[in-house]
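Written below as structure tokens is the structure these notes are about.
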Amino acid sequence: MKMRKVTYVSLESDEGMHASYEAALSDLESRLGHRHPLFIGGKQFTTTREFAVRSPVDQEVITGHFQQAGEEEAKAAVEVAKDAYPAWSRTDPAERVAAMRATAKVLDREVYSLAALITMEAGKTRSEAVAEVGEAVDMIRYHCDLYERADGFVVPMRPETPGATNRSVMRPHGVWAVISPFNFPLDLAAGMASAALLTGNTVVLKPASKTPLSGIRLYEAFVEGGVPDGAVNLLTGPGHPFGEVVTAHPAVDGIAFTGSREVGMWLMRTFLARQAYPKPVVAEMGSKNPCIVTGTADLEKAVEGVTRAAFGYGGQKCSATSRVYVQREVAEEFAGMLIRRAGECAVGDPRERGAFMGPLISARAKQTFEEAVARCRQDGGRVLAGGMTLEEGALARGFYVQPTVVAGLPESHPLMKHELFVPFLCVQPVASLDEAIHLSNETGYGLTAGIFAEDPGEVRSFFDGIRFGVCYANRRGGATTGAWPGVQPFGGWKASGSMGKGVGGPYYLLSFLREQAQSSRNGL
Ligand SMILES: NC(=O)c1ccc[n+]([C@@H]2O[C@H](COP(=O)([O-])OP(=O)(O)OC[C@H]3O[C@@H](n4cnc5c(N)ncnc54)[C@H](O)[C@@H]3O)[C@@H](O)[C@H]2O)c1
Ligand SMILES: N[C@@H](CCC=O)C(=O)O
């Protein structure tokens with residue numbers, strides 16, 4: 001029986017999902033805590049430096065022991081990817097499509113075991129984790145559909161003279177370093193790496209150190225899907241030595257990065273400074289996403305959409321709503337409803353069916369939450385809901401906090417400006433839609449934004465005036481979260497992204513290609 005697709009905005013899921021996920025969870029327990037190698041040129045390597053990763057769900061659970069790749073291993077992986085490039089880039093595009101489709105099939109087959117792993121590694125609830133695997137599968141398939149439709153990106157041009165052949169051909173760059181974040185450990189690595197591979201580039205993938213096992217599973221799926229040795233390589237370990245090598249190594253032709261603004265900007269500046277000529281950096285970075293609620297909004301819908309976007313996965317999505325600008329005439333009613341709804345969000349072990357929000361990723365993230373709440377109080381803000389960490393019983397073994405709503409901070413306050421990546425939502429009353437749009441745009445970021453307004457004219461003004469890459473109106477399933485490949489191209493403006501072409505959108509693959517004009521007279 002075909003099950004209903006679970007997305008981030010699914011408001012219900014099939015009963016069958018729960019049994020399959022629970023079976024996968026109990027099966028996963030015996031597969032955690034193992035030792036994992038690096039994968040370079042199809043061979044496995046160990047180092048003398050290892051690190052253990054503990055689950056944010058329960059710090060007593062070790063998800064695995066991983067190798068700490070240093071400069072030597074990073075250089076070796078780049079060299080191997082360089083050697084693999086000529087053959088991989090010359091394969092028939094149909095062969096690369098077949099390998100990517102086969103990879104997607106492997107991930108699809110493993111949906112529940114991968115979801116269970118994402119729960120243990122990243123702390124996601126079951127529906128968030130199952131949706132992430134589904135997104136990874138759909139992302140790869142969407143890329144394949146695009147690539148097939150583009151017919152290898154060969155476009156006939158006007159003949160220069162009678163009998164001449166002129167065309168535009170998009171060609172790969174070479175070796176890409178692909179660096180992924182902890183919060184979508186499978187999907188974002190899959191999106192960047194599949195785009196690079198499909199278009200004929202080779203890849204050295206480095207997943208985040210909190211979530212390396214999802215990256216290893218993705219690597220194994222690529223290999224099972226038919227990507228040859230050396231075309232894809234996987235290194236685990238800290239960002240710094242890897243970044244030092246890939247920004248300076250002359251054989252690295254591009255960097256695809258998803259993560260924080262700080263690291264992304266460092267990679268862009270350093271890569272440009274250290275290379276002999278400019279090379280592409282596809283960087284998707286953080287944000288401070290606003291949602292506007294006008295006087296014409298359906299408040300029940302707005303409260304649900306904001307709650308899901310601000311507190312789903314504990315606010316640890318680059319798309320999370322962190323600021324709400326609500327028109328004064330409905331501000332009190334909206335705040336009252338939001339406080340009630342936030343109080344209903346069940347925080348707990350994400351393995352449990354009823355959990356809406358699991359743990360934060362780390363002790364550091366929990367500290368960020370505590371500091372934000374303290375700073376808010378100290379600077380005259382009011383904590384309307386939440387504000388506490390949760391340490392009762394088994395929760396003490398993870399990083400659990402309450403969904404938190406605050407008000408009364410000045411617009412210029414750092415808590416209104418900086419990405420916190422915790423469930424901390426600032427609500428501000430405004431006089432008008434114009435003021436709300438103006439304040440929404442008063443940020444260096446520009447990833448996602450939402451509006452709740454039943455007046456179509458207001459929605460039009462929002463789309464016209466807002467300077468963000470991914471914009472939603474009246475979305476109950478997530479005011480600013482839950483983009484899906486082939487549905488919402490996902491890319492940030494300003495400090496949220498470097499390319500202006502969204503992941504899962506029609507132009508994304510072009511970021512991994514460069515144009516060559518071919519002119520000939522002999523029918524080639
Ligand atoms: N725009 C998007 O599509 C998007 C999606 C997901 C997450 N994010 C952002 O990612 C951040 C959260 O993820 P995170 O905490 O894993 O981010 P992070 O920047 O700390 O780490 C991301 C990756 O970069 C690596 N890294 C760190 N320092 C490095 C260096 N000097 N050189 C090379 N690599 C280095 C890390 O090991 C990790 O693999 C948030 O800011 C979030 O908004 C953005
Ligand atoms: N597709 C996800 C990606 C979030 C990234 O952190 C969303 O739109 O919420």
Side-chain angles (χ1 to χ4, degrees), residues 7-9 68-69 74 122 124 128 131-132 134-136 138-139 177-185 187-189 191-192 204-212 214-215 235-248 255-271 281-289 308-309 312-313 315-322 360-362 364-365 368 418-422 445-448 450 468-470 472 475 477-485 487-499 502-504 508:
T7 70
Y8 305 107
V9 295
Q68 219 169 298
K124 289 194 182 186
E128 291 281 351
E132 180 179 341
E135 186 183 7
D138 272 16
M139 184 76 81
V178 173
I179 306 171
S180 56
F182 80 83
N183 69 333
F184 284 78
D187 171 55
L188 294 173
M192 293 184 284
V204 180
L205 170 62
K206 198 208 78 68
S209 298
K210 297 265 182 297
T211 53
S214 301
L235 299 182
T236 50
H240 184 68
F242 186 72
E244 289 295 326
V245 170
V246 298
T247 50
I255 298 178
F257 167 82
T258 308
S260 62
R261 173 183 184 168
E262 187 194 1
V263 175
M265 293 302 295
W266 180 84
L267 283 168
M268 276 185 269
R269 291 192 176 109
T270 313
F271 199 41
V281 180
V282 177
E284 304 296 337
M285 297 172 282
S287 194
K288 191 76 181 172
N289 304 307
R308 291 173 69 95
Y313 188 38
Q316 299 172 109
K317 298 185 187 186
C318 52
S319 52
T321 305
S322 51
L360 295 179
I361 190 69
S362 63
R364 180 74 198 90
T368 299
H418 297 159
E419 183 185 50
L420 300 172
F421 232 50
V422 296
Y445 291 112
L447 187 51
T448 68
F468 283 70
V470 191
Y472 301 95
R475 196 133 157 294
T480 58
T481 50
W484 201 261
V487 181
Q488 289 98 357
F490 193 75
W493 292 12
K494 301 196 267 182
S496 298
S498 66
M499 298 306 289
V503 186
Y508 184 64

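Numbering of ligands and ligand atoms starts at 1, following listing order.
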Note: Phe490, heavy atoms under 4.0 Å from ligand 2, region reported as side chain
Identify the heavy atoms of Thr481 and Lys317 that sit nearest to each other, and give their distance.
CG2-CD, 3.9 Å
Identity and distance of the protein heavy atom lying nearest atom 9 (O) of ligand 2
Ser319 OG, 2.6 Å
Scan side-chain atoms only and decide if Thr480 and Thr321 contain a donor-acceptor pair under the 3.5 Å cut-off.
yes
Does the residue Phe242 have a heavy-atom contact with ligand 1, meaning some pair of atoms that are separated by less than 4.0 Å?
no
Name the closest protein heavy atom to atom 5 (C) of ligand 1, giving the residue it belongs to and the distance to 0.1 Å.
Cys318 SG, 3.0 Å
When distances are taken from atom 37 (O) of ligand 1, the protein heavy atom at minimum range is Lys206 NZ, 2.9 Å
heavy-atom search around atom 19 (O) of ligand 1 in the protein gives Ser260 OG, 2.6 Å
When you compare the side chains of Tyr8 and Glu135, does any donor N or O come within less than 3.5 Å of an acceptor on the partner?
yes
Does Val503 approach ligand 1 within less than 4.0 angstrom via side chain, backbone, both or neither, non-hydrogen atoms only?
neither
Using a strict threshold of under 4.0 Å (side-chain N to carboxylate O), is an ion pair present between Arg261 and Glu419?
no
Answer with yes or no whether Gly492 contacts ligand 1, where contact means a heavy atom under 4.0 Å from a ligand atom.
no
Below 4.0 angstrom from a heavy atom of Glu135, which ligand 2 atoms are there? Numbered from 1 as shown, please.
1 (N)
Between the main-chain N or O of Val281 and the side-chain N or O of Ser498, is there a donor-acceptor pair closer than 3.5 Å?
yes
Run down the list Ala483, Pro181, Ala208 and name the one with the heavy atom closest to atom 13 (O) of ligand 1.
Pro181
What protein heavy atom lies closest to atom 39 (O) of ligand 1? Include the residue and the distance to one decimal.
Ser180 O, 2.7 Å
Nearest non-hydrogen protein atom, atom 35 (C) of ligand 1:
Gly239 CA, 3.4 Å
Using heavy atoms and a threshold below 4.0 Å, how should the contact between Phe257 and ligand 1 be classified: side chain, backbone, both, or neither?
side chain
If we number the atoms of ligand 1 from 1 as shown, the ones under 4.0 Å from a heavy atom of Trp266 are 31 (N), 32 (N)
Applying a heavy-atom cut-off of 4.0 Å, say which part of Val246 lies close to ligand 1: side chain, backbone, both or neither.
neither
Purely on distance, is any nitrogen or oxygen of Pro238 under 3.5 Å from one on ligand 1?
no
Return the closest protein heavy atom for atom 40 (C) of ligand 1 as residue, atom name and distance.
Glu419 OE1, 3.4 Å
Checking a contact table here: which protein heavy atom is nearest atom 1 (N) of ligand 2, and how many Å away?
Ala483 O, 3.1 Å
Protein contact of atom 16 (O) of ligand 1 - nearest heavy atom, named by residue and atom, plus distance:
Phe182 N, 3.1 Å
Which option out of Thr258, Thr247, Val470, Leu420 puts a heavy atom nearest to atom 22 (C) of ligand 1?
Thr258
Determine whether the side chain, the backbone, both or neither of Gln488 has a heavy atom under 4.0 Å from any heavy atom of ligand 2.
neither
Show the atoms of ligand 2 that are less than 4.0 angstrom away from any heavy atom in Thr481.
9 (O)
To which protein heavy atom is atom 7 (C) of ligand 1 closest, and what is the distance rounded to 0.1 Å?
Asn183 OD1, 3.3 Å
Looking at Phe257, is Lys206 sitting on its ring face, NZ or CZ under 6.0 Å from the six-membered ring centre and within 45 degrees of the normal?
no
Between the main-chain N or O of Ser319 and the side-chain N or O of Thr448, is there a donor-acceptor pair closer than 3.5 Å?
yes
What's the shortest heavy-atom distance between Thr258 and Met192, and which atoms?
OG1-SD, 3.2 Å
For ligand 1, which atoms, with element, lie under 4.0 Å from some heavy atom of Gly286?
41 (O), 43 (O)
Quick one: look at Phe490 and ligand 1, take heavy-atom pairs under 4.0 Å, and tell me if it's side chain, backbone, both or neither.
side chain
Top protein contact for atom 6 (O) of ligand 2, by heavy-atom distance
Cys318 SG, 2.6 Å
Report the part of Gln316 (side chain from C-beta onward, or backbone N, CA, C, O) that has a heavy atom under 4.0 Å from ligand 1; answer both or neither where that applies.
neither
Location of contacts on Asp187 toward ligand 2, heavy atoms closer than 4.0 Å
neither
Proximity winner for atom 25 (C) of ligand 1, if only heavy atoms of Ile179, Val178, Thr448, Asn289 are counted
Ile179
Look at atom 3 (C) of ligand 2 and find which of Phe182, Tyr8, Phe184 reaches it with the closest heavy atom.
Phe184
